[in-house]
Amino acid sequence: MTLWWIGDAVLLVVVLPVVVYLLHGVLSAARSIVPSVRRIAATAAAGSKDLDATALLLTTQSQVEQTVAGVANYGGSLDVIIDDAE
Amino acid sequence: MVVLAIGPGTVTVVALLLIVLALVYYLVSTILALSTITKGLDEVIASVTEIVEKSAPVNDVVDAINGQLDAGVDLLEGLLVKKAGLVDGVGLVDGLYPGAAAAGFRNFPESTSIEAPRISEVYTKGTLTLARLGREAPIAAANPAGPVLRNVEGGSLAARLLYPSVRHTAPPELPRSPVIGTDAPVQYEQRDDIGAPRKRLPASRVGGG
């Protein structure tokens, strides 16, 4: 009977606080992840929105092609009408 | 009486009940938190997937743009060196952009060791500016897609035709220079106010009263 009382005391004084402490730590860690995940989600959404202008690169590519083609035509004409240095 | 009714078994049951309640409370709270995390990660995955999809063609497009620009640089450098020579080309670039001679031309590694001639001190800044802008050159008046403008083996008329002057076309009569002086055919009345004392404003107006 005495050992049973001692076991009850250990259960209430040691086991229960330890269980509560460990579970509280797990819950705190899980809750601390939530704001970080929300910030990551907001950042990823903003990054995705920033890349909306990526399609304009195709326009830039076309413009560069036209510009270089114009430079090539101009340079070709200069090559024809200007004497070489040597 | 009540104290006597509580035995060690009752205490054990109460302790186990408390432990189970603590387990239920914390585990349910943890499950809710993990559920929120899962939803947030789903949003992250969706956004990251969008980023991957949107950025997938960037490499190819940028590589193509860089290739085009490299071709343009190669063309311009080659043309400049071919027409002006490596030394004068470096001097011309250094005159337009001081300090650029140190970098040299990309396709001509030996250009970095050339002491750039001070072309900007020989030609005026305006000449260099016009050269940079590519304007006012007589060749700009012609169509670059047309036939060859100049016979490089002989004949200067083709070159002179590039200039806006009309004298080389041998016109029957050119406009004469205007005649000035007292015997000029066109006389203008002399203004009375020229040479006269300057008109003065009244003192009251000058003083602000």
Side-chain angles (χ1 to χ4, degrees), chain A residues 1-9 11-12 15-16 19-20 22-24 26-27 29-34 36-52 54-55 57-58 60-61 64-65 67-69 71-86, chain B residues 7-9 11-12 14-16 18-19 22-23 25-27 29-30 32-34 36-37 39-51 54-55 57-58 61-62 64-65 68-69 71-72 75-76 78-79 81-86 88-89 134 139 142 144-146 148-150 152 162:
Chain A
M1 183 67 72
T2 304
L3 289 177
W4 200 348
W5 279 109
I6 293 172
D8 287 343
L11 202 61
L12 286 173
V15 175
L16 182 60
V19 168
V20 170
L22 294 177
L23 289 175
H24 182 72
V26 172
L27 180 60
R31 282 179 174 170
S32 67
I33 296 173
V34 174
S36 300
V37 171
R38 284 179 179 158
R39 285 198 297 270
I40 292 172
T43 304
S48 176
K49 189 177 180 182
D50 288 342
L51 285 175
D52 286 344
T54 305
L57 274 176
L58 296 175
T60 304
Q61 184 184 16
V64 168
E65 286 179 359
T67 303
V68 173
V71 169
N73 288 334
Y74 192 66
S77 301
L78 289 178
D79 190 21
V80 169
I81 62 178
I82 298 178
D83 294 335
D84 292 348
E86 298 175 355
Chain B
V11 173
T12 303
V14 170
L16 290 176
L18 288 175
I19 291 173
L23 281 170
Y25 171 75
Y26 282 107
L27 287 180
S29 299
T30 304
L32 292 177
L34 290 176
T36 306
I37 292 170
K39 289 179 182 177
L41 288 177
D42 287 341
E43 296 176 5
V44 170
I45 290 172
S47 298
V48 170
T49 303
E50 284 183 4
I51 291 173
K54 290 177 181 177
S55 61
V58 168
V61 174
V62 171
I65 291 173
Q68 294 284 334
L69 294 175
L75 187 152
L76 292 174
L79 183 66
V81 172
K82 183 180 179 184
K83 298 302 174 185
L86 185 57
D88 286 349
I139 55 175
V148 178
L149 297 178
R150 187 176 134 200
V152 296
L162 298 173

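Every chain is numbered from 1 and lettered A, B, ... according to where its sequence line falls, protein lines coming before strand lines.
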Distance from Leu78(A) atom CG to Lys82(B) atom NZ, nearest 0.5 Å?
11.0 Å
Nearest 0.5 angstrom please: Leu34(B) CG to Arg31(A) CZ, how far?
11.0 Å
Quick one: closest heavy-atom pair of Ile37(B) and Ala30(A), and the distance?
CD1-O, 3.3 Å
Shortest non-hydrogen pair, Val64(A) vs Gln68(B), comes out as CG1-CB, 3.6 Å
Which donor-acceptor pairs under 3.5 Å do side chains of residues 44-51 of chain B form with protein atoms, sequence neighbours excluded?
{"from": "Ser47(B)", "atom 1": "OG", "to": "Glu43(B)", "atom 2": "O", "distance (Å)": "3.2"}
{"from": "Thr49(B)", "atom 1": "OG1", "to": "Ile45(B)", "atom 2": "O", "distance (Å)": "2.6"}
{"from": "Glu50(B)", "atom 1": "OE1", "to": "Ser48(A)", "atom 2": "OG", "distance (Å)": "2.4"}

Considering only heavy atoms from C-beta outward, does the side chain of Asp8(A) approach that of Val14(B) to under 4.5 Å?
no
Leu41(B) versus chain A, the contacting section by heavy-atom distance below 4.5 Å
both
Checking Leu27(A) against Leu27(B) for the side-chain contact (heavy atoms from CB on, under 4.5 Å) test, could you report, in this order, the C-alpha distance in whole Å, the side-chain angles of both residues, the deciding distance, and whether it holds?
CA-CA 8 Å; Leu27(A) 180 60; Leu27(B) 287 180; over 6 Å; no
Part of [X] within contact of chain B (heavy atom distance under 4.5 Å):
X: Arg38(A); value: side chain
X: Val19(A); value: side chain
X: Val20(A); value: both

Top residue by heavy-atom pair count (under 4.5 Å) with chain B, among [options]?
options: Val37(A), Leu12(A), Val26(A), Thr67(A); answer: Val37(A)
options: Leu58(A), Thr54(A), Leu16(A); answer: Leu16(A)
options: Val15(A), Leu23(A), Thr43(A); answer: Leu23(A)

Residue among Ala22(B), Pro57(B), Gly72(B), Ser29(B) with most heavy-atom pairs under 4.5 Å to chain A:
Ser29(B)
If you tally heavy-atom pairs under 4.5 Å between each of Leu79(B), Val61(B), Ile19(B), Thr12(B) and chain A, the highest tally belongs to Thr12(B)
Determine yes or no for a side-chain-to-main-chain donor-acceptor pair under 3.5 angstrom, with Lys83(B) supplying the side chain and Ile82(A) the backbone.
yes
Test log, rule side-chain contact (heavy atoms from CB on, under 4.5 Å), inputs Trp4(A) and Val11(B):
CA-CA 9 Å; Trp4(A) 200 348; Val11(B) 173; over 6 Å; no
